[in-house]
Asks: 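The structure that follows is given in the form of structure tokens.
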Amino acid sequence: MVFGVLLGWQVPGSVSLLNRFSIGTTSIPIAVGLIVMMYPPFTKVRYEELHEVFRNTRVLGLSLIQNWVVGPILMFVLAVVFLRGYPEYMAGLIMIGLARCIAMVIVWNELASGDTQYAAGLVAFNSLFQVFFYSPYAWLFITVLPAKLDLQGP
């Protein structure tokens, strides 16, 4: 990261050069970097044992509560407390708080020598929830709740 920041600061043309390697809004260098970063941990997963993760309803339930109840509410409260007068920033913080960074779970789990099956299972589980619930949560936390609290919307 330090190298990238220094490169962008010292060589201003490097940013526009890297932006040329994009398809739509997807940066190819970032996509390649994510794949290179996540591939080694995913090769250690014993996929034939993954079904055991989904039998542990306590871990799945805790993951759901942390990711889809505690996290969004906490980010909403932080946004309201600190960014009440800046509705665009408030909406941005809420959206980031709703977006689970599932790729980093794999990397941090690898660095912590955690259980690779559980990490892969929880990532898959939360990925599904992200696909189906991000939009309704964004609508709820950015449109409905601020209106109920008489907050200025974005």
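Side chains included, hydrogens not; waters and symmetry mates left out as well; all remaining heavy atoms used.
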Asks: Any link between Leu64 and Val69 through a network of hydrophobic side chains (Ile, Leu, Val, Met, Phe, Trp, Tyr) touching at under 4.5 Å?
Replies: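 Per the 4.5 Å side-chain linkage, Leu64 and Val69 are co-clustered.
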Asks: Which heavy atom in Pro146 sits nearest to a heavy atom in Leu140, and how many Å separate them?
Replies: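 Where Pro146 meets Leu140 most closely, the heavy atoms are CD-O, 4.2 Å.
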Asks: For Leu149, is the CG atom crowded, meaning more than 12 foreign heavy atoms sit under 6.0 Å from it?
Replies: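 Yes, the 6.0 Å shell around CG holds more than 12 heavy atoms from other groups.
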Asks: Check Gly121 against Val53 and note the closest heavy-atom contact, atom names and distance.
Replies: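 Minimum heavy-atom separation between Gly121 and Val53: CA-CG1, 4.1 Å.
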Asks: What heavy-atom pair brings Val15 and Gly8 nearest, and what distance separates the two atoms?
Replies: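 Looks like CG2-CA, 4.2 Å.
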Asks: Would you kindly confirm whether Leu18 and Leu6 end up in one hydrophobic cluster when ILVMFWY residues are joined by side chain heavy atoms under 4.5 Å apart?
Replies: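 Cluster IDs for Leu18 and Leu6 differ.
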Asks: Supply the atom-to-atom distance Arg20 CZ to Ile28 CD1, rounded to the nearest 0.5 angstrom.
Replies: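 So the CZ of Arg20 and the CD1 of Ile28 are separated by 15.5 Å.
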Asks: Check the surroundings of atom CD1 in Ile30: do more than 12 heavy atoms from other residues, nucleotides or ligands lie under 6.0 Å from it?
Replies: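 It does not: Ile30 CD1 has 12 such atoms or fewer within range.
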Asks: Take Glu52 and Gln117 through the test side-chain contact (heavy atoms from CB on, under 4.5 Å) and record every step on the way to the result.
Replies: CA-CA 9 Å; Glu52 295 295 327; Gln117 282 68 248; over 6 Å; no
Asks: Show, in sequence, the C-alpha distance, side-chain angles and deciding distance for Tyr89 and Phe82, and conclude whether the side-chain contact (heavy atoms from CB on, under 4.5 Å) test is met.
Replies: CA-CA 10 Å; Tyr89 291 132; Phe82 292 108; over 6 Å; no
Asks: Could you tell me the separation between the OG1 atom of Thr57 and the CG atom of Leu62, rounded to the nearest 0.5 Å?
Replies: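 Answer for the OG1-CG pair, Thr57 versus Leu62, is 11.0 Å.
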Asks: Is the shortest heavy-atom distance from the side chain of Val107 to the side chain of Leu111 under 4.5 Å?
Replies: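 In short, these two side chains touch, coming nearer than 4.5 Å.
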Asks: Could you report the tightest heavy-atom contact between Ala79 and Ile94, atom names first, then the distance?
Replies: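 Looks like CB-CG1, 3.7 Å.
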Asks: Could you report the tightest heavy-atom contact between Pro72 and Asn67, atom names first, then the distance?
Replies: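 Closest approach of Pro72 to Asn67, heavy atoms only: CD-O, 3.4 Å.
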Asks: Could you measure the distance from the CD atom of Glu49 to the OG1 atom of Thr116? Nearest 0.5 Å is fine.
Replies: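 Answer rounded to 0.5 Å: 8.5 Å.
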Asks: Please round to the nearest 0.5 Å and tell me the distance separating atom CZ of Phe54 and atom CG of Leu60.
Replies: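 So the CZ of Phe54 and the CG of Leu60 are separated by 6.5 Å.
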Asks: Decide whether Leu128 and Val45 are clustered together by the hydrophobic rule: side chain heavy atoms of Ile, Leu, Val, Met, Phe, Trp, Tyr closer than 4.5 Å, transitively.
Replies: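 Yes, Leu128 and Val45 fall within the same hydrophobic cluster.
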Asks: Where do Tyr118 and Asn109 land on the side-chain hydrogen bond (donor to acceptor under 3.5 Å, both in side chains) test, with the steps shown first?
Replies: CA-CA 9 Å; Tyr118 270 94; Asn109 183 69; over 6 Å; no
Asks: If the plane angle is over 60° it's perpendicular, under 30° parallel, otherwise tilted; pick one for Tyr137 and Trp68.
Replies: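 Ring orientation, 0 to 90° scale: perpendicular.
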Asks: Would you say CE of Met95 has more than 12 non-hydrogen atoms from neighbouring residues, nucleotides or ligands within 6.0 angstrom?
Replies: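 Result for CE/Met95: open.
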Asks: With a 4.5 Å cut-off on side-chain heavy-atom distances among I, L, V, M, F, W and Y, is there a chain of contacts connecting Leu78 to Leu83?
Replies: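 Leu78 clusters together with Leu83.
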Asks: Checking side-chain contact (heavy atoms from CB on, under 4.5 Å) for the pair Ser63/Asn126: CA distance, chi angles, key distance, verdict?
Replies: CA-CA 8 Å; Ser63 176; Asn126 279 300; 2.8 Å; yes
Asks: Could you tell me which non-hydrogen atom of Met90 sits nearest to which non-hydrogen atom of Val80, and how far apart they are?
Replies: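 Of all heavy-atom pairs spanning Met90 and Val80, the closest is SD-CA, 4.0 Å.
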Asks: Do Ile65 and Val70 make a side-chain contact, defined as non-hydrogen atoms from C-beta onward lying under 4.5 Å apart?
Replies: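 Yes, close enough: below the 4.5 Å cut-off.
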Asks: Please say whether more than 12 non-hydrogen atoms of neighbouring residues, nucleotides or ligands are located less than 6.0 Å from OH in Tyr86.
Replies: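 No.
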Asks: Test side-chain contact (heavy atoms from CB on, under 4.5 Å) on Leu93 and Met75; report intermediate values, then the result.
Replies: CA-CA 7 Å; Leu93 182 62; Met75 291 306 278; 3.3 Å; yes
Asks: Between Val105 and Tyr134, is there shared hydrophobic-cluster membership here, with clusters defined by ILVMFWY side-chain heavy atoms closer than 4.5 Å?
Replies: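 Cluster IDs for Val105 and Tyr134 match.
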